[in-house]
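Beneath this line is the structure, given in structure tokens, with notes to follow.
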Amino acid sequence: MLNQPFFTINHVVAIGGGHGLGRVLSALSPFGTKLTGVVATTDNGGSTGRLRQDQQTIAWGDLRNCLSQLAHRPSLGTLLFDHRFTGDNELAGHNLGNLVLHALDQLCVRPLEAVNLIRGILKIDTQIIPMSESSTHLVALSHCGETIFGELNVDSMTEAPIALSLQPEVTATHEACEAIKVADLIILGPGSFLTSVLPPLLLPEICQSIRKSNAHVILVDNLTAEYSPASTFSIEDKIVWLNQLIGKAVITDVIQHALTPVMPNQFSDTVRFNQFNLVSKHHPGLHDKQALAEAINLVHQSYISARLSPAPC
């Protein structure tokens with residue numbers, strides 16, 4: 001079980017997308033209403049991509065995945081929400097959860113209202129907020145000056161891009177920015193670095209909110225190398241990308257997997273690299289939820305203790 005000091009903080013915000021963000025939110029779900037997920041909405045593959053081709057809508061797939069991982073199981077609601085149609089027809093391959101969110105969006109004033117309705121149905125306390133409520137796509141700039149449009153194409157690049165942007169430019173969801181500003185702890189990653197972790201940080205309001213926050217910022221590294229251009233990035237490269245986008249060196253801790261746990265004994269002005277055994281015994285490709293939560297707890301407690309300790313003479 002997690003140590004009690006972990007739950008004395010007021011608010012935690014996790015930023016990213018895909019299965020990585022869902023795993024972090026699930027691991028920290030005991031926080032309930034004190035936990036917020038800010039979710040990337042630039043996916044253009046699979047069921048989500050097909051919806052976006054036909055409709056002017058945000059990407060629902062990562063939002064649906066986060067909601068699904070936070071939902072209480074087993075229940076009829078989660079079975080329906082996770083259902084993927086089969087057969088040889090227009091519905092084949094579509095996820096029912098994506099369709100329901102899209103339908104609710106058309107009935108509501110805001111996409112966030114659609115998400116909140118599903119949270120209510122599935123009895124989810126954690127706040128799940130799209131990074132933006134306007135439709136936008138990820139765009140990369142290659143070394144030779146070529147513009148690469150869409151997440152699927154960015155992931156298929158043969159070399160890492162030199163820059164990323166959103167097209168069209170959109171504004172961040174107000175509630176996401178407010179949650180970040182009051183957070184005590186902000187978690188970035190894990191997940192596909194270019195297409196899940198970075199998209200929310202391409203919104204100036206999100207970065208400004210992080211800069212204004214006094215939160216402890218932790219980067220959770222992936223368990224394995226990505227099958228994407230980001231596979232060439234070292235963890236130091238990722239830190240540089242993140243801090244440059246945010247506009248401030250905010251990352252103070254990194255959590256990585258290692259068979260032998262290692263925690264730095266002393267806090268310094270540089271980034272600390274903390275290593276724990278994080279692989280799930282049941283799903284080797286995923287972080288173990290309890291181990292991840294305990295690692296975040298230990299790293300955060302160490303950070304707070306160092307902040308409270310008197311400076312050496």
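Note that the coordinates shown come from a computational prediction; the quantities given were computed from them, not determined experimentally. Sequence positions, counted from 1, serve as the residue numbers for this chain.
Separation of atoms CD1 (I255) and CD (Q275) is listed at 11.5 Å; rounding is to 0.5 Å. Atom CD of residue Q69 and atom CG of residue L286 lie 8.0 Å apart, to the nearest 0.5 angstrom. Rounded to the nearest 0.5 angstrom, I121 CD1 and T78 OG1 are separated by 12.5 Å. Put simply, CD on Q208 and NZ on K181 are 6.5 Å apart, with the number rounded to the nearest 0.5 Å. Put simply, OG1 on T41 and CD on E133 are 9.5 Å apart, with the number rounded to the nearest 0.5 Å. Here the straight-line distance linking atom CD1 of I162 with atom SG of C144 works out to 9.0 Å at 0.5 Å rounding.
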I210 and L201: side-chain contact (heavy atoms from CB on, under 4.5 Å), yes or no, with the steps?
CA-CA 9 Å; I210 295 174; L201 303 180; 3.7 Å; yes

Go through the steps for D237 and S234 under the test side-chain hydrogen bond (donor to acceptor under 3.5 Å, both in side chains), then give the verdict.
CA-CA 5 Å; D237 292 333; S234 67; 3.2 Å; yes

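Side-chain contact between V279 and H257 is present, with heavy atoms from C-beta onward closer than 4.5 Å. Taking the side chain as every heavy atom from C-beta outward, F276 and H287 never approach each other to under 4.5 Å. Looking at heavy atoms from C-beta onward, L63 lies in side-chain contact with P130 at the 4.5 angstrom threshold. Using a 4.5 Å cut-off on side-chain heavy atoms (C-beta onward), Q256 and N274 make no contact. In this structure, the side chains of R110 and E175 come closer than 4.5 Å at one or more pairs of heavy atoms. Under the 4.5 Å side-chain criterion, counting only non-hydrogen atoms from C-beta, P190 is in contact with V24. Residues V182 and N10 form no side-chain contact, since every pair of their non-hydrogen atoms from C-beta on lies 4.5 Å or further apart. In this structure the side chain of R307 never reaches within 4.5 angstrom of the side chain of T252, judged on heavy atoms.
Distance alone, capped at 3.5 Å, is enough to place a donor-acceptor pair between the R119 side chain and the T126 backbone. Looking at H11, its side chain does come within 3.5 Å of a backbone N or O of K34 through a donor-acceptor pair. Proximity of a side-chain donor or acceptor of E205 to a complementary backbone N or O of C177 within less than 3.5 Å is not detected. Between the side chain of S213 and the main chain of S209, no donor-acceptor pair closer than 3.5 Å is present. Judged by distance alone, with hydrogens and angles left aside, the side-chain atoms of D125 form no donor-acceptor pair with the main-chain N or O of T33 at under 3.5 Å. No side-chain donor-acceptor contact under 3.5 Å links T136 to the backbone of L166. E146 places no side-chain N or O within 3.5 Å of a backbone atom of S142 that could act as its donor or acceptor partner. Of the possible polar contacts, none joining the N222 side chain to the S192 backbone as a donor-acceptor pair under 3.5 Å is found.
With D253 as reference, V299 is the one residue of V299, V217, V271 to meet the side chain to side chain contact (heavy atoms under 4.5 Å, CB included) rule. If you run side chain to side chain contact (heavy atoms under 4.5 Å, CB included) between L28 and each of L185, I187, L70, only I187 comes through.
A salt bridge is absent between D43 and R52; no separation between the charged side-chain nitrogens and carboxylate oxygens falls under 4.0 Å.
Annotation for E90: atom CD does not count as buried by contact number, only 12 or fewer foreign heavy atoms lying within 6.0 Å. The local environment of CG in N214 is sparse, with at most 12 non-hydrogen atoms from other residues, nucleotides or ligands closer than 6.0 Å. Counted within 6.0 Å of NE2 on H137, heavy atoms from surrounding residues, nucleotides or ligands total more than 12; the atom is thus considered enclosed. Atom NE2 of H282 sits in a sparse spot, with 12 or fewer heavy atoms from other residues, nucleotides or ligands closer than 6.0 Å. Heavy atoms from other residues, nucleotides or ligands lying under 6.0 Å from CD of E178 number more than 12.
Taking every heavy atom of both residues into account, L202 and L138 meet most closely at CD1-CD1, 3.5 Å. When every heavy atom of L35 is checked against every heavy atom of L25, the shortest pair comes out as CD2-O, 3.6 Å. Between P200 and I15, the closest heavy-atom pair is CB-CG2, 3.6 Å. Heavy atoms only, all atoms of each residue included: H283 and S280 are closest at N-OG, 3.1 Å. What you find for V39 and C66 is that their closest heavy atoms are CG2-SG, 4.1 Å. Taking both residues in full, the closest heavy atoms of L96 and L80 are given as CD2-O, 3.2 Å, listed atom of the first, atom of the second, then distance.
Between Y303 and H300, the angle of the ring planes stays under 30°, which puts this pair in the parallel group of the 30/60° scheme.
Under 3.5 Å, the side chains of R64 and N98 contain a donor-acceptor pair of N or O atoms. Using modelled atom types and a 3.5 Å distance limit, the side chains of N153 and S156 yield no donor-acceptor pair.
Residues L21 and F31 share a single hydrophobic cluster, defined by chaining ILVMFWY side chains whose heavy atoms lie under 4.5 Å apart.
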